[in-house]
Number of protein chains: 2
Amino acid sequence: MNASPRRKELTRLAAQLFVQEGFDRTTVRMLAQEMGIKSGSLFHHFKDKQEILAAVIEEGTQNALHIARQTLERSTPSPEDRLRAMARAHLETLFTDRNAHVVALFEWRRLDAESRAHLSHLRDAYEALWVDVIDEALEADLIHGDRFLVSRFVLGALNWTVRWYDPSGPRSPDDLADELVAMIMPQSR
Amino acid sequence: MNASPRRKELTRLAAQLFVQEGFDRTTVRMLAQEMGIKSGSLFHHFKDKQEILAAVIEEGTQNALHIARQTLERSTPSPEDRLRAMARAHLETLFTDRNAHVVALFEWRRLDAESRAHLSHLRDAYEALWVDVIDEALEADLIHGDRFLVSRFVLGALNWTVRWYDPSGPRSPDDLADELVAMIMPQSR
DNA sequence: GTCTATAAAGGGATAGAC
DNA sequence: GTCTATCCCTTTATAGAC
């Protein structure tokens, strides 16, 4: 994909608006204003509004995937550490310059069929990393249950933080991640 | 609130469409068609589109609250049983012909400030039931951690099921609830 | 309580000049 | 690459007849 610095910057601004207003309520005029251009000029950079959403979601998922892979490379082999590191990385992509990953999670259904088909591979790759880490914890007998169910419950708990967690409050995202891991892995206390 | 049987039925139909399409993409024409009337007639029943959303969300939250209270009344005093029962009840309101609760969770931010202020008390009452049940489990030493964090993680995991769980699949909502409880309460296996 | 007709506003997108 | 101007369509909501 074309990822000129300019386009990346525009995508970043779009992500911010999509989080604030939601995709459907964000107009091309609002996007253009945020980018400091007129609405007509926007279509020089993107074919249509859908393409902006796809660009944001691709960016958000690539970023989450990249950070997760880096995290796993750098982690110790301890399944407990790896799980904690993945949870921290997930919240980091949600709350530290958060916007694109949030859009990827909460505006997924607004994608047209074509983009969804293309991007679902990326999302699957991200989820696969999680299932691997959960698997390691299962094999080490640190947790119990179905690998897919556990993965989805954990990701659900993490994703839902977007609805209630205030990152400017007293608790850090890392604290949050650690508390979640402790919840499903009580012997780690 | 005016809750004639007719209005309740229209609200139910609206909830279904809001789940399928999202509030923003559901037009008054779609709503009217689903209700078997013309779009102009819709405004005899509701002041505007916002009021339809507020009605759906009120219905959904009242329903969840009602079922949760009933569940707790009928439950044994065992903290483990009560937690499991609450999780089952939550998924029941999400997946058993009860679109309104899904709308309440996922379209909350589309409410105008006035409705949000009014309805947030209802939502708080529902969450308070959860915090109580979590508290009982904490006191019984069945789980550990911060009462609010644990409540929100559990609710997040449950709410997120809407994104991936297929109720027509082999697993029942009750199975799901039990698996989640087992995840945070391993000694219950 | 429902209809038809339509007002008023705002939406995405395009054309062509610069 | 950006502008102005504008097309064309859909949206929510209203008015008044039945």
Side-chain angles (χ1 to χ4, degrees), chain A residues 1-59 103 106-116, chain B residues 1-58 103 107-116:
Chain A
M1 279 287 144
N2 173 15
S4 65
R6 185 70 210 278
R7 188 181 160 110
K8 270 200 114 174
E9 170 65 3
L10 296 180
T11 303
R12 199 186 60 79
L13 291 168
Q16 194 181 343
L17 269 179
F18 289 164
V19 169
Q20 271 170 39
E21 307 288 330
F23 175 70
D24 290 323
R25 288 159 93 99
T26 304
T27 69
V28 295
R29 286 170 178 80
M30 292 164 70
L31 288 163
Q33 184 168 31
E34 195 73 15
M35 297 167 179
I37 55 180
K38 300 294 180 182
S39 69
S41 311
L42 214 166
F43 294 91
H44 177 77
H45 301 281
F46 301 93
K47 174 173 138 281
D48 55 20
K49 198 186 163 190
Q50 274 287 325
E51 192 178 287
I52 307 180
L53 178 62
V56 169
I57 291 186
E58 172 151 17
E59 168 74 16
V103 174
F106 286 87
E107 305 287 355
W108 182 263
R109 297 191 54 205
R110 303 279 83 83
L111 285 171
D112 57 38
E114 205 181 343
S115 306
R116 211 180 307 173
Chain B
M1 278 285 145
N2 172 15
S4 66
R6 176 83 167 131
R7 189 182 160 110
K8 269 200 116 177
E9 170 65 3
L10 296 180
T11 303
R12 201 186 59 80
L13 290 168
Q16 193 181 345
L17 269 178
F18 289 164
V19 169
Q20 271 170 39
E21 307 288 330
F23 174 71
D24 290 325
R25 288 159 93 100
T26 303
T27 68
V28 294
R29 287 173 180 78
M30 294 164 68
L31 288 163
Q33 184 167 30
E34 195 73 13
M35 298 168 179
I37 55 180
K38 300 294 180 182
S39 70
S41 312
L42 214 165
F43 294 92
H44 177 76
H45 301 280
F46 301 94
K47 175 172 138 281
D48 54 20
K49 199 185 162 190
Q50 275 287 325
E51 191 178 288
I52 307 180
L53 178 61
V56 169
I57 291 186
E58 171 151 18
V103 175
E107 305 288 355
W108 182 263
R109 296 191 54 205
R110 303 279 83 82
L111 286 171
D112 56 39
E114 205 181 342
S115 307
R116 211 179 307 173

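In this text the structure is predicted, and so the values were computed from the model without any measurement. Excluded from the calculations below are hydrogen atoms, water molecules and symmetry mates; all remaining heavy atoms, backbone and side chain alike, are included. Within every chain, numbering begins at 1; the chains are lettered A, B, ... in the order of the sequence lines, protein sequences first and strands thereafter.
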Practice item. Only pairs at least two apart or in different chains count here, so list each salt bridge (charged side-chain N to carboxylate O under 4.0 Å, His left out) that has a residue in residues 9-18 of chain B. Key: Glu9(B)-Arg12(B)

Study note, to complete from the structure: Applying salt bridge (Lys or Arg N to Asp or Glu O under 4.0 Å) to Glu51(B) and not counting sequence neighbours gives Arg7(B)

Exercise for review: Treat primed atoms plus P, OP1 and OP2 as sugar-phosphate and everything else as base, then score nucleotides 2-18 of chain D 5' to 3': B for base contact with protein heavy atoms under 4.0 Å, S for sugar-phosphate contact only, - for none.
Suggested key: BBB------BBBB----

Under 3.5 Å, which donor-acceptor pairs do the side chains of residues 14-22 of chain B form with other protein atoms, sequence neighbours left out?
none

Exercise for review: Could I get the full list of salt bridge (Lys or Arg N to Asp or Glu O under 4.0 Å) partners for Asp24(A), not counting sequence neighbours?
Suggested key: Arg110(A), Arg25(B)

Practice item. Could you name each residue pair satisfying salt bridge (charged side-chain N to carboxylate O under 4.0 Å, His left out) that touches residues 35-48 of chain A, not counting sequence neighbours? Key: none

